[in-house]
Amino acid sequence: MNNTDFTKPSHFIRDIIEEHNRSGRFGGKVITRFPPEPNGYLHIGHAKAICIDFGMAQEFGGRCHLRFDDTNPTKEEQEYVDAIMNDIRWLGFEWDPHLYFASDYFERLYDFAVQLIKAGKAYVDDLSADETRELRGTLTEGGKASPYRNRSAAENLDLFARMRAGEFPDGSRTLRAKIDMASPNLNLRDPVMYRIRKAEHHRTGNKWCIYPMYDWAHGQSDSIEGITHSLCSLEYEDHRPLYDWYLDQLGIHHPQQIEFARLNLTYTVMSKRRLLTLVEKGYVSGWDDPRMPTLAGLRRRGYTPEAIRDFCDRIGVAKSNSTVDIALLEHCLREDLNKRAPRVMAVLRPLKLVIENYPEGQVEELEAVNNPEDPQAGTRQVPFTRELYIEQEDFREDPPKKYFRLFPGNEVRLRYAYIIKCTGVVKNQNGEIVEVRCTYDPATKSGTGQESKKVKGTIHWVSAAHAVPAEVRLYDYLFTKPNPDDVAEGEDFSVNINPNSLETLRACRLEPSLASATAGSRYQFERHGYFIADTKDSSTEHPVFNRTVTLRDTWAKIEKTGRSEK
RNA sequence: UGGGGCGUCGCCAAGUUGGCAAGGCACAGGAUUUUGGUUCCUGCAUUCGAAGGUUCGAAUCCUUCCGCCCCAGCCA
């Protein structure tokens with residue numbers, strides 16, 4: 001919304017598309033596709049791809065298809081299909097009515113294969129998986145031809161039909177493209193097109209027992225849908241010659257495959273394997289654990305789709321492997337939330353504060369601004385009484401230099417209320433502070449225009465008698481190192497898991513207006529950060545808030561670096 | 001030692017016909033502030049992986065070298 005007034009810097013994909021539009025290669029059309037395999041949850045890395053795929057189509061007045069790459073029946077499930085569609089819509093993109101499944105093309109793919117066989121460009125191979133690997137050669141040496149490579153088209157046609165008919169056991173035969181066993185590009189050494197898998201497919205059931213490989217299915221699916229630009233990640237660069245070969249042999253519509261670097265983030269793991277490990281080993285509570293980089297996790301954490309899209313815009317599109325600082329993601333989040341999150345006061349670690357000269361039993365309703373960034377957000381009333389809770393960290397008996405908060409003899413303003421002066425503390429037998437005492441200055445009431453006195457610090461508070469008890473979950477990075485894979489020999493990324501990535505506070509006290517907070521609503525807890533009422537566990541009886549991200553904390557930085565010492 | 005890519009500020013990333021290094025994040029100062037928040041100023045690559053060369057002039061052209069990533073699934 002605020003980035004419409006500057007011209008987005010170009011990137012190489014946009015340049016290529018513009019060039020195609022100039023030359024008329026695709027008649028000015030831009031049709032892309034996002035092709036997830038339904039075998040896992042979408043994560044922030046997919047969000048980048050989604051923003052590029054849908055974004056390019058949108059920008060050039062085209063469209064983007066959602067196509068599930070469901071060519072492997074043993075790994076894929078309907079549950080993931082539903083979750084993926086939900087996540088993409090949440091992110092803010094719509095494919096309707098262009099929803100497709102590679103499995104919808106199985107029949108046509110089969111016909112294409114027959115076409116290649118007839119042209120002498122594909123053959124049925126009886127080699128086992130191991131034998132196939134043996135003959136493939138190595139990175140530096142070419143492979144050797146299979147003894148079945150030169151079967152006649154008629155024999156291949158017969159065998160292929162019988163493969164489909166289920167006459168042969170799993171793994172006993174494959175259909176291979178006849179390209180070049182000596183190619184320096186391994187993908188061209190007679191790649192497998194079909195394998196036999198007598199498995200039930202989540203959509204086609206038991207109709208098929210041969211399933212196409214990715215390379216064979218993908219390009220042809222693109223072609224069938226009239227895709228113009230097939231955008232994918234860098235590891236498919238080596239596959240492009242094969243992508244092109246199939247299309248050229250078939251003589252059908254030929255999209256342009258373009259590869260870009262996938263996203264990596266500091267303090268984050270992104271691979272499906274590692275994400276699965278986190279879930280299965282119980283390091284997190286599930287795919288939607290607020291610490292997970294999955295869209296489901298980020299959503300539950302309180303991230304907004306707008307922030308994620310803005311982030312994807314800012315990281316750019318290029319071909320170099322890179323790892324983006326997660327601080328940029330958090331910056332985008334704060335920028336978005338700052339504009340829209342209503343402010344409230346919440347005391348996370350309560351410390352009782354008694355105002356000695358404030359009448360017992362008196363309740364004042366004070367006016368508080370809902371969002372200083374948004375005048376439209378209006379104001380609300382907050383009850384003020386003699387006994388309040390303040391944040392433990394807002395009081396120090398023995399304060400460091402530059403500490404602007406409460407300490408014996410010091411004055412601070414209570415947000416939207418009065419200036420108070422600390423008169424002392426009450427301790428228990430263990431010497432622990434259980435109560436802070438103070439007096440207030442009635443002439444300093446907020447909003448009266450009389451508050452001439454200035455103090456350095458303002459702290460938040462909540463009326464003890466009116467406070468809403470709540471549980472608050474403080475989340476931190478899941479890993480202690482920017483690169484979770486930075487481990488010693490023999491160790492794996494789990495040694496870098498942050499044992500303190502979740503801290504649960506069960507005695508929090510929120511201002512009364514939060515009693516009506518509905519699941520999924522976001523707030524700024526003033527001076528703390530942004531929080532969201534948990535969509536799974538929060539209820540009116542037992543409010544639960546997740547910390548989405550902290551506010552920038554200059555004081556914490558000063559204290560940490562010892563700059564408060566001098 | 002085969003093939004495909006990539007190397008511009010701590011992290012991303014512009015730089016397209018050679019003309020003399022955008023922007024964002026981070027960081028550091030300062031101003032404003034009833035959130036040590038926000039906002040606003042200021043600073044932050046004589047240098048573009050390295051070395052040669054061409055040129056009046058090169059991050060951009062040529063040569064050589066160095067480093068990093070990907071590929072030997074009947075996964076995608």
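Residue numbers begin at 1 in each chain, while the letters A, B, ... track the order of the sequences. Quick note: numbers below take in every heavy atom, side chains included, and nothing from hydrogens, waters or symmetry partners.
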Touch check for [X], heavy atoms < 4.0 angstrom, all strands: base, sugar-phosphate only, or nothing?
X: T74(A); result: nothing
X: M345(A); result: nothing
X: V455(A); result: nothing
X: Y403(A); result: base
X: R527(A); result: base
X: D238(A); result: base
X: I558(A); result: nothing
X: K557(A); result: sugar-phosphate

OP1 or OP2 of [N] sitting under 4.0 Å from any side-chain N/O of [X]?
X: S183(A); N: G3(B); result: no
X: R552(A); N: U35(B); result: no
X: R136(A); N: G73(B); result: yes
X: S10(A); N: U16(B); result: no
X: R343(A); N: G37(B); result: no

Face-to-face stacking of Y214(A) with A76(B), centres under 5.5 angstrom, angle under 30°: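 Stacking between Y214(A) and A76(B): absent.
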Which value, in whole Å, describes the distance between the [atom1] atoms of nucleotides [N] and [M]?
N: G29(B); M: G18(B); atom1: C1'; result: 39 Å
N: G57(B); M: C20(B); atom1: C1'; result: 7 Å
N: C40(B); M: C25(B); atom1: P; result: 10 Å
N: G53(B); M: A45(B); atom1: C1'; result: 25 Å

Polar contact flag, side-chain donor to acceptor under 3.5 angstrom, R33(A)-H218(A):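 Yes, H218(A) and R33(A) have a side-chain donor paired with an acceptor closer than 3.5 Å.
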Can you tell which of [options] lies closest to the side chain of [X]?
X: Q524(A); options: G5(B), G2(B), U35(B); result: U35(B)
X: H331(A); options: U34(B), C25(B), G36(B); result: C25(B)
X: L328(A); options: G7(B), C74(B), G24(B); result: G24(B)
X: I315(A); options: C12(B), G3(B), C75(B); result: C12(B)
X: N338(A); options: C74(B), U38(B), C6(B); result: U38(B)

Non-hydrogen side-chain atoms of P73(A) and W208(A) separated by less than 4.5 Å: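 The answer is no; the side chains never approach within 4.5 Å.
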Going by modelled atom types, is there a donor-acceptor pair between the base of [N] and the side chain of [X] at under 3.5 Å?
X: R405(A); N: G36(B); result: yes
X: E373(A); N: G37(B); result: yes
X: N185(A); N: G4(B); result: no

Side chain R380(A), main chain V369(A), donor-acceptor under 3.5 Å: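 Side chain of R380(A) to backbone of V369(A): a pair is present.
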Polar side-chain atom of D394(A) near backbone of I459(A) as donor-acceptor pair, under 3.5 Å: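 Side chain of D394(A) to backbone of I459(A): no pair is present.
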Atom pairs, N/O to N/O, protein against nucleotides 9-11 of chain B, distance under 3.5 Å?
residue	atom	partner	partner atom	Å
C11(B)	O3'	T323(A)	O	3.1
C11(B)	O2'	T323(A)	O	2.8
C11(B)	O2'	D325(A)	N	3.2

Cation-pi check, R164(A) onto Y110(A) ring (under 6.0 Å, within 45° of axis):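 Yes, R164(A) sits over the ring of Y110(A).
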Distance under 6.0 Å and angle within 45° of ring axis: R396(A) vs F407(A):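 R396(A) over F407(A) ring: no.
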Within residues 186-196 of chain A, residues whose heavy atoms come under 4.0 Å of RNA chain B: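 Those residues whose heavy atoms fall under 4.0 Å from RNA chain B, taken from residues 186-196 of chain A in numerical order, are L186(A), V192(A), R195(A).
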Length of the CD-P vector between E141(A) and C71(B), whole Å: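 That distance rounds to 19 Å.
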